[in-house]
Amino acid sequence: GAGVSQSPSNKVTEKGKDVELRCDPISGHTALYWYRQSLGQGLEFLIYFQGNSAPDKSGLPSDRFSAERTGGSVSTLTIQRTQQEDSAVYLCASSLMGHNTEAFFGQGTRLTVV
Amino acid sequence: GENVEQHPSTLSVQEGDSAVIKCTYSDSASNYFPWYKQELGKRPQLIIDIRSNVGEKKDQRIAVTLNKTAKHFSLHITETQPEDSAVYFCAASREGGADGLTFGKGTHLIIQP
């Protein structure tokens, strides 16, 4: 079946604008992760959804960042009033049952704030 | 929450030699330790994982070892080849943990011809 799909692949936005990044996980996967990867850097954890449990938002860098997961499937990461330091690749991953199962990554959304 | 430290940040080895990447973790309840490989411009992909009920796992030229007492685990690549050049990430997670997979900062492995 299809893998994890993210859209858009690339997004250029002006400083101060809001952006929405979308993630379509693999069908049936209950766990969904968002990570941020700056150029040449590691994977910075942002948020984790597991089934119907309240998401762990501890990784969100500021209150400008928020995420939703509707119907236990598609997730949207929203960044309000974007800043230049928000420029990075945003990666989404899903796994069948969360812990102790392989996470499959999407191709990422490259966000550039100008 | 969990904290994963990974070393070295960059590793350069001659083609054919072995490479070892080491990670330590802080949460003694962590019980799943995957390794991901990210080639330039591509998404991370799982290459091997180990669970806390075993001490070592092998898959052809790669192996992972786990020392639960010391809370560290390592990736071993033997007979390195040019296609092994990539960034490697270790990670840790535990049952019931709220933050899912916690990744190390990555190791850039360079295979010198």
Side-chain angles (χ1 to χ4, degrees), chain A residues 2-7 9-10 23-26 29-60 67 69 75 88-110, chain B residues 1-10 21 23 25-27 29-54 57 59 64 66 86-110:
Chain A
V4 178
S5 179
Q6 292 187 244
S7 59
S9 299
N10 287 283
C23 174
D24 282 90
I26 294 173
H29 281 197
T30 63
L32 187 147
Y33 308 83
W34 282 99
Y35 291 91
R36 178 168 71 175
Q37 187 172 35
S38 300
L39 187 62
Q41 300 300 307
L43 299 166
E44 178 188 1
F45 168 74
L46 297 178
I47 191 168
Y48 168 58
F49 295 90
Q50 173 57 58
N52 295 321
S53 302
D56 172 35
K57 303 180 180 181
S58 62
L60 295 177
R69 188 179 185 193
S75 177
V89 175
Y90 290 81
L91 287 163
C92 173
S94 72
S95 65
L96 186 60
M97 294 186 295
H99 303 294
N100 298 8
T101 56
E102 179 179 357
F104 294 84
F105 282 83
Q107 82 282 10
T109 293
R110 181 176 298 279
Chain B
E2 175 67 276
N3 182 50
V4 177
E5 299 284 341
Q6 184 171 348
H7 300 280
S9 56
T10 303
I21 302 170
C23 289
Y25 59 98
S26 61
D27 187 347
S30 287
N31 58 2
Y32 176 62
F33 308 93
W35 286 87
Y36 285 79
K37 176 183 180 182
Q38 186 176 30
E39 297 177 358
L40 187 63
K42 297 188 176 181
R43 70 192 77 185
Q45 291 190 301
L46 180 76
I47 55 170
I48 195 168
D49 57 14
I50 191 168
R51 302 178 193 280
S52 59
N53 58 344
V54 298
K57 183 177 180 180
D59 183 3
V64 57
L66 171 65
V87 178
Y88 292 80
F89 294 97
C90 63
S93 71
R94 66 177 177 89
E95 288 293 339
D99 51 358
L101 278 173
T102 301
F103 283 89
K105 293 191 181 299
T107 296
H108 185 193
L109 177 62
I110 302 166

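In what follows, chains carry the letters A, B, and so on, assigned in the order in which the sequence lines appear, proteins first and then strands, with residues in each chain numbered from 1.
In this structure Thr30(A) satisfies the side-chain hydrogen bond (donor to acceptor under 3.5 Å, both in side chains) test together with Gln50(A), sequence neighbours excluded. Ser26(B) meets the side-chain hydrogen bond (donor to acceptor under 3.5 Å, both in side chains) test with Glu2(B); sequence neighbours excluded. Scanning for side-chain hydrogen bond (donor to acceptor under 3.5 Å, both in side chains) contacts around Lys57(A) gives an empty result, with sequence neighbours left out.
The CG atom of Leu39(A) sits 7.0 Å away from atom CZ of Arg110(A), with the distance rounded to the nearest 0.5 Å. One finds the OH atom of Tyr33(A) at 4.0 Å from the OG atom of Ser95(A) (value rounded to the nearest 0.5 Å). Here the NE2 atom belonging to His29(A) is positioned 5.5 Å from the CZ atom belonging to Phe104(A), to the nearest 0.5 angstrom.
Of the two parts of Leu43(A), the backbone and the side chain both hold a non-hydrogen atom closer than 4.5 Å to a non-hydrogen atom of chain B. Residue Thr101(A) touches chain B through its backbone alone, counting heavy-atom pairs closer than 4.5 Å. Heavy-atom distances place no part of Ala31(A) under 4.5 Å from chain B, backbone and side chain included. Neither the backbone nor the side chain of Glu44(A) comes within less than 4.5 Å of any heavy atom of chain B.
Within residues 36-45 of chain B, the residues having any heavy atom under 4.5 Å from a heavy atom of chain A are, by residue number, Tyr36(B), Gln38(B), Arg43(B), Pro44(B).
Side chain of Gln6(B) to backbone of Ala91(B): no donor-acceptor contact under 3.5 angstrom is found.
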Checklist line | CA sep, side-chain torsions, deciding dist, call: Tyr32(B), Asp49(B), side chain to side chain donor-acceptor pair (under 3.5 Å) | finding: CA-CA 7 Å; Tyr32(B) 176 62; Asp49(B) 57 14; 2.8 Å; yes
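Comparing His108(B), Arg51(B), Lys105(B) by how many heavy-atom pairs each has under 4.5 Å with chain A, the most go to Arg51(B). Contacts with chain B were tallied for Gly108(A), Gly42(A), Gly59(A), Gly106(A); Gly106(A) has the most, counting heavy-atom pairs under 4.5 Å.
Relative orientation of the Phe89(B) and Phe103(B) rings is perpendicular, given thresholds of 30° and 60° on the angle between their planes.
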